[in-house]
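As structure tokens, the structure follows; a few thoughts come after it.
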There are 2 protein chains.
Amino acid sequence: MANCNDINSNLTNTSVNELKSEKALAHLAKALAHPARIRILKILFKLDQLGGCLNSNLVSELGLAQSTVSEHLRVLIKAGFIDATPQATKVCYQISTKQLNYFSNLFATTYQ
Amino acid sequence: MANCNDINSNLTNTSVNELKSEKALAHLAKALAHPARIRILKILFKLDQLGGCLNSNLVSELGLAQSTVSEHLRVLIKAGFIDATPQATKVCYQISTKQLNYFSNLFATTYQ
DNA sequence: GCCTATAATCGTATTTTAACGATTAATAGG
DNA sequence: CCTATTAATCGTTAAAATACGATTATAGGC
């Protein structure tokens with residue numbers, strides 16, 4: 001049950017690094033905070049398992065306009081969850097499992 | 001290196017349940033998508049370790065207006081990351097480690 | 001060189017979020 | 001009862017996110 005002592009919050013003093021990593025965590029969470037982007041990552045994750053990547057045909061898959069999908073991709077790339085490599089006239093999008101793990105670990109270490 | 005085959009995205013067919021859990025993940029991520037809320041959870045997490053909870057003195061801690069903090073708390077409560085129990089004129093806020101774990105697992109199972 | 005395909009960027013409208021001060025509701029204490 | 005404390009809610013303003021069509025830039029194929 002809840003103890004609910006009125007604990008002085010000065011006990012929870014904060015370092016600069018702590019605030020920095022919290023800000024980073026919030027920033028990454030923001031990139032994940034949309035169903036379309038979660039969906040994109042899922043598709044890219046599955047393709048990664050199959051040894052491929054996406055020469056974007058996401059538009060029909062998501063039912064969103066090309067420019068909208070492009071914007072979602074931009075957000076994910078900026079957050080490091082996706083790598084984009086140009087290929088002829090197309091672009092190859094690949095998930096960054098490294099960044100997925102980074103997020104997972106950052107979350108775990110923040111609240112452990 | 002990137003294979004980048006133009007894999008048919010029909011391979012990544014989607015179930016209704018998959019879409020539902022993806023939407024849930026996005027919703028939870030959205031609740032985490034602000035530094036102040038990450039901070040609040042951190043403070044509550046630390047207090048939980050000390051066997052206490054917060055009769056909100058977060059206002060001075062965060063340097064935000066009382067109504068703003070209240071709104072952030074509302075978002076976190078709605079997402080299930082915080083439980084609130086009234087205590088006299090105050091309210092006791094406690095972190096839900098269960099929900100933290102749920103989020104962590106949902107993320108892991110989505111991309112594993 | 002010109003046409004096509006792809007995807008980023010631009011411009012814009014709409015919606016959502018964030019923040020604050022002010023007000024309200026609830027309860028404890030005198 | 002009245003008062004003080006606490007926290008939610010209201011009203012409003014400002015900022016950011018979302019979405020789309022239209023345009024632009026790049027590169028390959030003819």
Side-chain angles (χ1 to χ4, degrees), chain A residues 2 4-9 22-23 26-41 43-44 47 52-79 81-94, chain B residues 2 4-9 22-23 26-41 43-44 47 52-79 81-94:
Chain A
C4 291
N5 298 313
D6 193 0
I7 290 178
N8 189 330
S9 72
E22 285 173 16
K23 200 177 164 190
H27 181 254
L28 292 177
K30 196 169 189 176
L32 298 174
H34 195 288
R37 293 197 288 270
I38 294 288
R39 186 95 272 274
I40 289 170
L41 289 181
I43 291 169
L44 292 179
L47 288 176
C53 74
L54 196 64
N55 291 324
S56 188
N57 42 359
L58 282 171
V59 174
S60 57
E61 185 75 19
L62 295 175
L64 294 171
Q66 180 264 320
S67 56
T68 305
V69 172
S70 185
E71 171 67 10
H72 283 307
L73 288 169
R74 194 191 61 79
V75 171
L76 289 169
I77 290 164
K78 185 164 156 251
F81 286 116
I82 288 181
D83 296 316
T85 54
Q87 291 242 323
T89 53
K90 301 184 175 184
V91 176
C92 169
Y93 302 102
Q94 271 193 302
Chain B
C4 291
N5 299 313
D6 192 1
I7 288 178
N8 189 330
S9 72
E22 284 172 17
K23 199 177 164 189
H27 182 254
L28 292 177
K30 196 168 188 175
L32 299 173
H34 195 287
R37 293 197 287 269
I38 293 288
R39 187 95 270 276
I40 288 170
L41 289 181
I43 292 168
L44 291 180
L47 289 175
C53 74
L54 196 66
N55 291 325
S56 189
N57 42 358
L58 281 170
V59 175
S60 58
E61 185 74 20
L62 295 175
L64 294 171
Q66 179 264 320
S67 55
T68 304
V69 173
S70 185
E71 171 67 9
H72 282 307
L73 288 168
R74 192 190 63 78
V75 171
L76 289 169
I77 289 165
K78 184 163 155 253
F81 286 116
I82 287 180
D83 297 316
T85 54
Q87 291 242 323
T89 53
K90 300 184 176 184
V91 175
C92 170
Y93 301 103
Q94 270 193 303

Which whole-number value in Å describes the distance from [X] [atom1] to [N] [atom2]?
{"X": "R74(A)", "N": "dT18(D)", "atom1": "CZ", "atom2": "P", "answer": "10 Å"}
{"X": "L32(A)", "N": "dA17(D)", "atom1": "CG", "atom2": "C1'", "answer": "16 Å"}
{"X": "I38(B)", "N": "dA18(C)", "atom1": "CD1", "atom2": "P", "answer": "12 Å"}
{"X": "E71(A)", "N": "dA16(D)", "atom1": "CD", "atom2": "P", "answer": "14 Å"}
{"X": "K30(B)", "N": "dA17(D)", "atom1": "NZ", "atom2": "P", "answer": "11 Å"}
{"X": "L73(B)", "N": "dA19(C)", "atom1": "CG", "atom2": "C1'", "answer": "15 Å"}
{"X": "H27(A)", "N": "dA16(D)", "atom1": "NE2", "atom2": "P", "answer": "13 Å"}
{"X": "K78(A)", "N": "dT9(C)", "atom1": "NZ", "atom2": "P", "answer": "13 Å"}

Worksheet item: From dA8(C), dT18(D), dT6(D), pick the nucleotide closest to the side chain of V91(A)?
Response: dA8(C)
Worksheet item: Looking at dA7(D), dT18(D), dT9(C), which one has an atom nearest to any side-chain atom of S56(B)?
Response: dA7(D)
Response to the item:
Partner of Y93(A) under side chain to side chain contact (heavy atoms under 4.5 Å, CB included), picked from L47(A), L58(A), I77(A), I43(A), is I77(A)
Worksheet item: Pick from L41(A), L44(A), I40(A): which one makes a side chain to side chain contact (heavy atoms under 4.5 Å, CB included) with F81(A)?
Response: L41(A)
Worksheet item: In terms of the nearest nucleotide of DNA chain D, which residue is placed more toward the 5' end: A65(A) or A84(B)?
Response: A84(B)
Worksheet entry | Validation row: L73(A), V91(A) side chains within 4.5 angstrom (heavy atoms) | no
For a quick test of reading the model: is some side-chain N or O of [X] closer than 4.0 Å to OP1 or OP2 of [N]?
{"X": "Y93(B)", "N": "dT6(D)", "value": "no"}
{"X": "T68(B)", "N": "dA18(C)", "value": "no"}
{"X": "H72(B)", "N": "dT17(C)", "value": "no"}
{"X": "S70(B)", "N": "dA8(D)", "value": "yes"}

Item to complete: Could you tell me whether the side chain of T89(A) has a donor or acceptor atom within less than 3.5 Å of a complementary atom in the base of dG28(D)?
Response: no
Item to complete: Kindly say whether, by distance alone, the side chain of Q66(B) makes a donor-acceptor pair under 3.5 Å with the base of dA8(D)?
Response: yes
Worksheet item: About how many Å separate CG of L32(A) and NE2 of H27(A), when rounded to the nearest 0.5 Å?
Response: 10.5 Å
Practice prompt. Kindly say whether A31(A) contributes a backbone atom to a donor-acceptor pair with the side chain of R37(A) at under 3.5 angstrom?
Written response: yes
